[in-house]
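Chain letters run A, B, ... following the sequence lines, proteins first, then strands; residues in each count from 1.
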Amino acid sequence: MDFTLQKKDPNSSARAGLIQTDHGEIKTPIFMPVGTVGSVKAVHIPHIQEDVKAQIILGNTYHLYLRPGLDIIEKAGGIQKFNGWNKPVLTDSGGYQVYSLSGTRKLREEGVIFQSHIDGSRHEFTPERVMDIQRVIGADIMMAFDECTPYPCEYDYAAKSMAMTHRWLDRCIGQFQKTEGHYGYKQALFPIVQGSVYRDLRKQSAEYIAAKNAEGNAIGGLSVGEPHEVMYEMTELVCGILPKDKPRYLMGVGTPVNILEGIASGVDMFDCVMPTRNGRNGMLFTSEGIINIKNQKWRDDFSPIDPNGPSFVDSFYTRAYLRHLFAAGEMLGPMIASLHNLAFYLWLAGEARNKILDGSFASWKNIMVKKLAIRL
RNA sequence: GGGGAGAUACCAGAGCGGUCAAAUGGGGCAGACUGUAAAUCUGUUGGCGAAGCCUUCGGAGGUUCGAAUCCUCCUCUCCCCA
């Protein structure tokens, strides 16, 4: 993997760059659709490619390990061969499940024992094991195993957890260096900054991670319920410490506004379930603001879903029809909304990149941030 | 023509003397969702308001301290037999 910094915005910390992987290039800033179990929910892979215009998608170590299982993925020849997406893939390590499945797992220094949400069986994830699994899945970018701390989080817990995540990182790096890809292409390993909402911890963690000189670096443990201002403050602080010549990935973020703020702070990569999950639940993000398509007011609005939207569904279907699909419980509704939202997210990231390249990002961002939060 | 059952909030449907502004489900309306245990979850659904008050259980009367619940008549539905 290789990263080229192409342009730095004069009035913010935003940057435009190019990531080169063995599965193709990624123009940053970029939004990465989430495909936890090897599927971006409700959207065909060809649509992810041609309509959404995604350049990289996510998968999840924990979910793919449980189902379909490593034997199947290995036999298929890696995740891209399995699902037909032959472009870059990033896999999360299961660190988020340490947080989201905290009720059914045991956390120790050695690793985490998850109790499967599918059948209750127990599975131990150590940093070494997580590297091995991601080797089998075959992601172009593998994530270090970490603990995503919850919010709120006591200082002492955050400090201890961060230190453990750092020790886990060293074990991840050790195992990563001892092994190689199974399918003939290169994989990169991104470490993850933790430290909850505490400036000194975030600084300490960012310095620790920066010193590893990895091919890219991630910021984790945010967008777990803390106020947006806190998230922005931590992002800005950490970006100021992480290497400038390596991509920065803000994990799990976020709303369109969150993403623009992140870009302004110097983040290059984002992922979030919002465009798909909220889309399935009737929420549409557009350049004019947010639409809850289930609301009564769209009942007889026969205008396009999003007159300026980038995907074919935006002008092909009307708001009234989409509302009808949701009201009727038709699965086409969530499919249209997911496709629309993802295309919009990718459009937003691409537009941010264009504005950075022509030097007008900061002023454009200020206008967009106001528009994007409007409730239509 | 004879016999029987029933009418409850938007719909279906419990309740059968006070704890009933009335269970439950559906529908409606609104909200939540941030490295996906989510095509999920939550709230609300007679009126005005904070407590509370006011008008509701086909219609009209009656019994009772008290009626959606008991009685009388009326109206209308459904089922069975001719």
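Rounded to whole angstrom, the span from the CZ atom of A:F270 across to the C1' atom of B:rU36 amounts to 19 Å. The distance between atom CZ of A:F285 and atom P of B:rC33, rounded to the nearest whole Å, is 9 Å. B:rU36 atom P lies 10 Å from atom CG of A:L90, rounded to whole Å. Atom OH in A:Y96 sits about 11 Å away from atom P in B:rA38, given to the nearest Å. Atom CG of A:N278 is separated from atom C1' of B:rC33 by 5 Å (rounded to the nearest Å). Whole-Å rounding puts the A:H123 NE2 to B:rA37 P distance at 15 Å. Rounded to whole angstrom, the span from the CE atom of A:M274 across to the C1' atom of B:rU36 amounts to 13 Å.
On a pure distance criterion of 3.5 Å, no polar donor-acceptor pair joins the side chain of A:S100 and the base of B:rU36. One cannot find a donor-acceptor pair under 3.5 Å joining the base of B:rU36 and the side-chain atoms of A:H117.
Not less than 6.0 angstrom separates the ring centroid of A:F270 from the ring centroid of A:F31. Aromatic ring centroids of A:Y317 and A:H324 lie 6.0 Å or more apart. Checked against the 6.0 Å centroid threshold, A:H166 and A:Y208 count as a close aromatic pair. The aromatic ring centroids of A:Y65 and A:Y62 lie 6.0 Å or more from each other.
Along RNA chain B, the nucleotide nearest to A:V253 and the one nearest to A:G329 differ in position, and the one closer to the 5' end is contacted by A:V253. Comparing A:C148 and A:M331 against RNA chain B, the residue whose closest nucleotide sits nearer the 5' end is A:C148.
We find that A:R171 and A:E128 are joined by a salt bridge, their nearest charged nitrogen and carboxylate oxygen being less than 4.0 Å apart. Under a 4.0 Å N-O distance rule, the pair A:E233/A:R199 qualifies as a salt bridge.
Residue A:N258 is in base contact, counting any heavy-atom pair closer than 4.0 Å across all strands shown. Counting non-hydrogen atoms under 4.0 angstrom, A:S116 reaches nothing in the nucleic acid. Using a 4.0 Å heavy-atom distance criterion, A:G221 is classed as a base contact. If you check every strand for non-hydrogen atoms under 4.0 Å, A:L58 touches sugar and phosphate atoms only. Residue A:Q134 is out of contact with every strand shown, counting any heavy-atom pair closer than 4.0 Å.
Distances shorter than 4.0 Å separate some side-chain N or O of A:R277 from OP1 or OP2 on B:rU34. The side chain of A:T36 places an N or O atom within less than 4.0 Å of a non-bridging phosphate oxygen (OP1 or OP2) of B:rU36.
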query = Given A:K365 and A:S12, is the side-chain contact (heavy atoms from CB on, under 4.5 Å) satisfied, shown in steps?
reply = CA-CA 10 Å; A:K365 185 214 112 184; A:S12 75; over 6 Å; no

Provide a list of protein-nucleic acid N or O atom pairs under 3.5 angstrom, restricted to nucleotides 28-32 of chain B.
| unit_1 | atom_1 | unit_2 | atom_2 | d |
| --- | --- | --- | --- | --- |
| B:rC29 | OP1 | A:R323 | NH2 | 2.7 |
| B:rA30 | OP1 | A:Q296 | N | 3.2 |
| B:rA30 | OP2 | A:Q296 | N | 3.2 |
| B:rG31 | OP2 | A:N292 | ND2 | 2.9 |
| B:rG31 | OP2 | A:N295 | ND2 | 3.0 |
| B:rA32 | OP2 | A:R375 | NH1 | 3.4 |

